[in-house]
Every structure is written in structure tokens, then in C-alpha cells.
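If you're wondering where the values come from, they're calculated on a predicted model, not measured in any experiment.
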Amino acid sequence: MNNNALDPRAQGILALIAAFRPERMTYLVITAIAAAALLGCTGVLLWQSFGPGRNGDLSDADLALLVALFGSSGVVTYSVGRILRMWDQVVDLIRGHTGADL
């Protein structure tokens with residue numbers, strides 16, 4: 001089916017998807033990197049604190065890992081929110097709402 005046969009809403013949705021593609025890919029890459037850092041920091045922190053020969057005490061290095069853990073989880077949350085923003089705009093377009101922020 002060509003784009004001329006689509007109604008204006010569908011054409012608008014396709015235009016939004018195409019316009020936001022670079023932004024979505026950027027945020028997906030950032031989310032993947034942050035999620036890997038989150039899982040890596042968690043594993044290292046658990047291994048260093050509770051691995052063989054450890055008693056569960058947190059050192060200064062462990063606290064730095066904990067800060068990195070919270071930082072990467074914040075990046076994941078922010079980037080997923082930005083990805084979902086585009087889909088909110090598409091749903092508004094489908095419903096017929098046309099706002100200045102579209």
C-alpha cells in the first residue's frame with residue numbers, strides 16, 4: 001500500500017516514526033549501555049562484598065560502585081521515558097489531538 005492511500009492520521013504516524021528514529025536509536029543504545037553498566041556494577045559489588053573470603057563490609061571502592069549503580073539506573077529510567085514520549089505523541093495523533101508539542 002502506498003502512502004497516498006493512507007489516511008492523514010496514518011501518514012502523520014509514519015512521519016513521526018521516521019522523524020524520531022535517530023532519537024529512538026540513540027536512546028536505545030544509551031539504555032543498553034546503562035543497563036550493562038547497571039548489571040556489571042551490581043555483580044562486581046556483590047562479588048566484592050559477599051564473595052569468597054569476604055564478610056559483607058562495604059569499602060570506599062564499594063561505595064563508588066554503589067554510586068555508579070544508582071547513576072546508571074537513573075540513565076536507564078530517563079532514556080526509557082524519552083523513548084516512550086514518542087509513542088504518547090503517536091497515540092495523541094491517533095485520537096485526533098493536535099497540540100503544539102507534536
Side-chain angles (χ1 to χ4, degrees):
M1 178 180 282
N2 61 19
N3 285 343
N4 295 336
L6 296 175
D7 69 6
R9 286 185 185 177
Q11 289 177 355
I13 291 167
L14 292 175
L16 277 175
I17 290 172
F20 280 97
R21 183 173 174 79
E23 182 180 4
R24 284 182 307 160
M25 292 302 132
T26 300
Y27 284 119
L28 284 173
V29 168
I30 290 171
T31 302
I33 292 169
L38 178 65
L39 293 174
C41 288
T42 303
V44 169
L45 182 64
L46 289 173
W47 180 259
Q48 286 183 354
S49 297
F50 301 106
R54 296 291 186 146
N55 58 3
D57 293 334
L58 290 176
S59 66
D60 289 339
D62 294 337
L63 291 176
L65 280 173
L66 192 58
V67 168
L69 187 74
F70 283 113
S72 60
S73 65
V75 170
V76 169
T77 302
Y78 177 75
S79 60
V80 167
R82 296 294 298 172
I83 291 168
L84 293 176
R85 180 174 179 261
M86 190 268 314
W87 293 112
D88 286 339
Q89 291 176 340
V90 169
V91 169
D92 285 343
L93 187 66
I94 291 171
R95 290 181 183 156
H97 299 124
T98 55
D101 59 337
L102 284 180

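- Between Ala34 and Val76, the shortest heavy-atom contact is CB-CG2, 3.5 Å.
- Under the side-chain contact (heavy atoms from CB on, under 4.5 Å) criterion, Leu39 pairs with no residue, sequence neighbours left out.
- Taking every heavy atom of both residues into account, Pro22 and Ala18 meet most closely at CD-O, 4.0 Å.
- Judged as a salt bridge (Lys or Arg N to Asp or Glu O under 4.0 Å), the pairs with a partner in residues 22-40 (not counting sequence neighbours) are, in order, Glu23-Arg82.
- Residues forming a side-chain contact (heavy atoms from CB on, under 4.5 Å) with Val29 (at least two apart in sequence, or on another chain): Ile33.
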